[in-house]
Amino acid sequence: DDIQGVAYALRALASIEIKDNNLEVAESLNLRAREIFLAANNAYMLLDSARHLSIIALKRQQLDLAFKHLKSAREHLNGYK
């Protein structure tokens, strides 16, 4: 049972959806992947997910939300040992 493998696949699909400007689908996929990476304590992929969620927020001109995602990534990295 490779649950992180599922999360990596979700992230790959989300990248395609971002490129196609399907932001709602991309956001949903990223959020699902982020939950899996959070459960696995995968700080690197939490950073990557936050980066992509911030890109989605920026495309929607939601600057505060983009900042929130990046701040969350920093917190995960700071807690990673």
Side-chain angles (χ1 to χ4, degrees):
D1 186 26
D2 184 13
I3 194 68
Q4 281 198 82
V6 171
Y8 280 99
L10 291 169
R11 277 285 305 110
L13 292 172
S15 292
I16 294 168
E17 297 298 339
I18 290 172
K19 288 177 185 172
D20 290 343
N21 212 34
N22 295 326
L23 302 181
E24 285 184 36
V25 174
E27 181 179 38
S28 175
L29 293 167
N30 267 296
L31 290 172
R32 288 170 52 200
R34 184 181 70 177
E35 291 304 313
I36 295 169
F37 292 133
L38 186 59
N41 198 28
N42 187 333
Y44 175 76
M45 290 309 295
L46 286 169
L47 170 64
D48 189 61
S49 294
R51 183 176 67 87
H52 280 87
L53 287 167
S54 69
I55 289 169
I56 293 167
L58 287 172
K59 286 181 170 266
R60 293 177 171 160
Q61 298 182 345
Q62 297 172 321
L63 301 179
D64 289 340
L65 183 57
F67 180 75
K68 176 183 168 189
H69 287 305
L70 293 176
K71 184 177 176 186
S72 171
R74 182 179 65 189
E75 290 169 0
H76 286 293
L77 288 177
N78 287 339
Y80 183 74
K81 309 240 179 203

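The figures that follow rest on heavy atoms only: side chains count, while hydrogens, waters and symmetry mates do not. The model shown is predicted, which means the values in this text are computed figures rather than measured ones.
For residues 9-41, the ring-ring contact (aromatic ring centres under 6.0 Å, His included) pairs, not counting sequence neighbours, are Tyr8-Phe37.
For Asp64, the CG atom counts as loosely surrounded, since its 6.0 Å shell holds 12 or fewer non-hydrogen atoms of other residues, nucleotides or ligands.
Of the possible polar contacts, none joining the Asn22 side chain to the Val25 backbone as a donor-acceptor pair under 3.5 Å is found.
Counting heavy atoms from C-beta outward, Lys19 and Ile16 have side chains that stay 4.5 Å or more apart.
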Compile the donor-acceptor pairs under 3.5 Å between side chains in residues 45-59 and protein atoms, sequence neighbours left out, one pair per line.
| from | atom 1 | to | atom 2 | distance (Å) |
| --- | --- | --- | --- | --- |
| Asp48 | OD1 | Arg51 | NH2 | 3.2 |
| Asp48 | OD2 | Arg11 | NE | 2.9 |
| Asp48 | OD2 | Arg11 | NH2 | 2.7 |
| Ser49 | OG | Met45 | O | 3.0 |
| His52 | ND1 | Arg11 | NH2 | 2.7 |
| His52 | ND1 | Asp48 | O | 3.0 |
| His52 | NE2 | Arg11 | NH2 | 3.1 |
| Ser54 | OG | Ala50 | O | 3.4 |
| Ser54 | OG | Arg51 | O | 2.6 |

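Here Arg60 pairs with Glu27 under the salt bridge (Lys or Arg N to Asp or Glu O under 4.0 Å) rule; sequence neighbours left out. Residues satisfying the salt bridge (Lys or Arg N to Asp or Glu O under 4.0 Å) test with Arg32, not counting sequence neighbours, are none. Under the salt bridge (Lys or Arg N to Asp or Glu O under 4.0 Å) criterion, Glu17 pairs with no residue at all, not counting sequence neighbours. By the ring-ring contact (aromatic ring centres under 6.0 Å, His included) test, Phe67 is found to be paired with no residue, residues two or more places apart in sequence or in another chain being considered.
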| message | I'd like to know whether His69 forms a side chain to side chain contact (heavy atoms under 4.5 Å, CB included) with Arg34, so could you lay out the CA-CA distance, the side-chain angles of the two residues, the decisive distance to 0.1 Å, and finally the verdict. | response | CA-CA 11 Å; His69 287 305; Arg34 184 181 70 177; 4.1 Å; yes

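Criterion: ILVMFWY side-chain heavy atoms under 4.5 Å apart, direct or through other members. Under it, Leu70 and Leu23 are not part of a common hydrophobic cluster. At a threshold of 4.5 Å between side-chain heavy atoms, the hydrophobic network of Ile, Leu, Val, Met, Phe, Trp and Tyr places Leu31 and Ile36 in two separate groups.
Ala26 and Ile18 get closest at one heavy-atom pair: CB-CG1, 3.6 Å.
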